[in-house]
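Bear in mind that the values here come from a model prediction, so they are computed numbers and not experimental data. Order of appearance sets the numbers: ligands from 1, and atoms from 1 within every ligand.
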Amino acid sequence: MNIHESEKIAGTLQAMGYTECDNEEDADVIVFNTCCIRDNAEKRALGNIGAIKHIKKSKPELILAVVGCMTQQDGAGLNLRQKYPYVDIVLGTNNLAELNNAILRIKNSGKKSVLIDPNERPEVLEGELKYRTSGCNAWLNIMYGCNNFCTYCIVPYVRGRERSRKMQNVLDEFKTLVDQGYKEITLLGQNVNSYGHDLNDGSNFAKLLEEISKIEGKHRVRFMTSHPKDLNRDVIDIIADSKNICNNIHLPIQSGSNKILKLMNRHYTREYYLETIDAIKAKIPNCGITTDLMVGFPYEEEEDFEDTLDIVRKVKYSSAFTFIYSVRKGTKASLMPQVPPEVSKDRIKRLIAEQNKITKELSKGYECKVYEVLCEDNAPKKVGYVCGRTDSGRLVTFEGSSDLIGQFVNVKINKSQSASLFGEIVEE
Ligand code: SAH
Ligand code: SF4
């Protein structure tokens, strides 16, 4: 979501005549697109803003802007103004469209801008400029905001309520991306399964996927994120029936304990979640299922954590993003009693070890088989090699030149190493 938002920021800058450069020292404008989902994301953003101070000192005409979730928190604008007075522009999440004018203002009259609109705007912006940076992959927002108020999460406070784009606008953008040659399009929303509910025109995610699956061409469709409470059987059926929609579902469970799920306000139980997983596995064989897991949420005891380990063993995720719960000011969970950090650290180590074991075991299952892979990039630090993903979302490295990027190839997996698969192109 943030990468794509940065592409929109870059699109605005490009239209103003700016071009991309490789290092901060050469820049005329630097925009920090911040995240505040966890404390470490926020600290990193502030650290990076602090690290730019010396450049601004020796080059006062450099324009510095801070945008994104962090700025939208209570008191963030004032804090940034006081602690980082050399920042020229601060924009809230609803004010991003004002970047162009804010840059012109500082350039033409030296006037700084701090624009943080507390009232979320109900309308959804269309036709934003984009400077895409993800090769043959393209991101596509289908909605913004979130209504779920999971008790640990800051997103609804900084991104506002759910707002869906009109289905026709999404389909038009999708078709344009296909015509432009993008080979993988990822639909984005905090909870894509509630797409359309706010439009009151009968649109929903299953219908959107169905329309998208009718769009001709050789390309892949992924989407994220699905909330387990809302992933319904219609969506599972469409994925199973469509050749373009990848067999890959990211379904964050957060915790395997019913007690913790309730405290998190997630609106599902482990049993309900496992039923959904069974339905996915029955309809979509070889589906790559990934998840987000959190440890150290308030009141989490050893037996709750054991329930999380148990879910990991039962589902066999192809991979998982694992997080230590991080207190976010203003959320309900911030008022609950906190688990000691050393307990959380111990649990996350055990959780990662368990998941790694499963990833390794699943990787072995890929060996000696042939998969269609979308070649996406040069392999990092391996000259003469490229990499890409299987339909299920697994990363594969294989010998080949960069001419292959953007093409679908058949790759036989020869070797696996934890999450990484290595293979060779075969004719088939
Ligand atoms: N909308 C998506 C997730 C968005 S945030 C969903 O509901 O699945 C991505 C992930 O960050 C979450 O799934 C959660 O695991 C993690 N996360 C969110 N708030 C957090 C917090 N306060 N501390 C630690 N992890 C958090
Ligand atoms: Fe945050 Fe929950 Fe919304 Fe995801 S669904 S963005 S975790 S509040």
Side-chain angles (χ1 to χ4, degrees), residues 1-5 34-44 68-70 72-73 93 120 139 141-164 186-195 197-198 205 222-231 235 248-257 260-268 273 276 289-300 305 308 311-312 315 317 319-336 338-339 341 343-345 347-348 351-352 355:
M1 198 78 93
N2 279 10
I3 291 172
H4 188 38
E5 195 169 68
T34 61
C35 168
C36 62
I37 193 84
R38 283 169 291 277
D39 188 48
N40 54 3
E42 209 172 328
K43 285 220 175 85
R44 200 175 324 140
C69 296
M70 198 180 83
Q72 195 67 33
Q73 295 176 98
T93 56
E120 71 185 59
W139 310 102
N141 275 111
I142 63 168
M143 60 197 297
Y144 302 92
C146 182
N147 287 355
N148 289 307
F149 287 94
C150 302
T151 55
Y152 50 81
C153 186
I154 193 89
V155 171
Y157 301 93
V158 292
R159 288 282 166 182
R161 295 299 73 71
E162 262 169 29
R163 283 148 288 150
S164 303
T186 304
L187 312 177
L188 297 172
Q190 290 299 349
N191 175 13
V192 289
N193 297 281
S194 59
Y195 168 79
H197 292 181
D198 56 313
F205 189 53
R222 299 189 196 272
F223 54 87
M224 67 194 297
T225 297
S226 288
H227 194 303
K229 77 177 165 61
D230 296 318
L231 179 74
V235 168
N248 186 193
I249 299 182
H250 184 61
L251 199 60
I253 186 163
Q254 314 298 355
S255 167
S257 150
I260 299 297
L261 288 172
K262 196 148 198 258
L263 286 164
M264 287 177 163
N265 194 32
R266 289 290 286 180
H267 293 284
Y268 53 83
Y273 183 90
T276 306
I289 305 172
T290 56
T291 199
D292 293 349
L293 297 160
M294 206 186 293
V295 300
F297 186 80
Y299 298 106
E300 186 187 71
F305 174 65
T308 300
I311 284 277
V312 165
V315 178
Y317 296 109
S319 67
F321 294 108
T322 50
F323 307 108
I324 292 181
Y325 164 71
S326 167
V327 180
R328 302 287 69 205
K329 221 167 104 198
T331 61
K332 277 198 175 158
S334 68
L335 306 172
M336 299 178 189
Q338 304 300 320
V339 168
V343 173
S344 301
K345 278 188 196 142
R347 286 182 189 157
I348 198 139
L351 180 62
I352 292 170
Q355 178 55 45

For ligand 1, what N or O to protein N or O distances fall under 3.5 Å?
unit_1, atom_1, unit_2, atom_2, d
ligand 1, 1 (N), Q190, O, 2.8
ligand 1, 1 (N), Q190, OE1, 2.9
ligand 1, 7 (O), R266, NH1, 3.4
ligand 1, 11 (O), R38, NH1, 3.0
ligand 1, 13 (O), Q254, NE2, 2.8
ligand 1, 13 (O), D292, OD2, 2.6
ligand 1, 15 (O), Q254, OE1, 2.6
ligand 1, 17 (N), R38, NH1, 3.4
ligand 1, 22 (N), Y152, O, 3.0
ligand 1, 22 (N), S326, O, 2.8
ligand 1, 23 (N), S326, N, 2.9
ligand 1, 25 (N), R38, NH1, 3.3

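Of all the atoms in ligand 2, the ones that sit under 4.0 Å from a non-hydrogen atom of H227 are 5 (S). Within the listing of ligand 2, atoms 2 (Fe), 7 (S) sit less than 4.0 angstrom from a heavy atom of R266.
E162 and S194 share a side-chain donor-acceptor pair at under 3.5 Å. Side chains of R38 and Y152: a donor-acceptor N/O pair is absent below 3.5 angstrom, by distance only. Looking at S164 and D198, their side chains do bring a donor and an acceptor atom within 3.5 Å of each other. A donor-acceptor pair shorter than 3.5 Å cannot be found between the side chains of N2 and H4.
Below the 2.8 Å limit, atom 1 (Fe) of ligand 2 has as protein N, O or S neighbours C153 SG.
Side chain of Q338 to backbone of A333: a donor-acceptor contact under 3.5 angstrom is found. Between the side chain of N248 and the main chain of R222, no donor-acceptor pair closer than 3.5 Å is present.
Among residues two or more places apart in sequence or in another chain, the salt bridge (Lys or Arg N to Asp or Glu O under 4.0 Å) test is passed with D292 by none. Residues forming a side-chain hydrogen bond (donor to acceptor under 3.5 Å, both in side chains) with Y317 (at least two apart in sequence, or on another chain): Y273.
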Applying salt bridge (Lys or Arg N to Asp or Glu O under 4.0 Å), run through K329 and E42 and close with a yes or a no.
CA-CA 12 Å; K329 221 167 104 198; E42 209 172 328; over 6 Å; no
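Contact record, L231 with S226: CD1-OG, 4.0 Å, taken as the closest heavy-atom pair.
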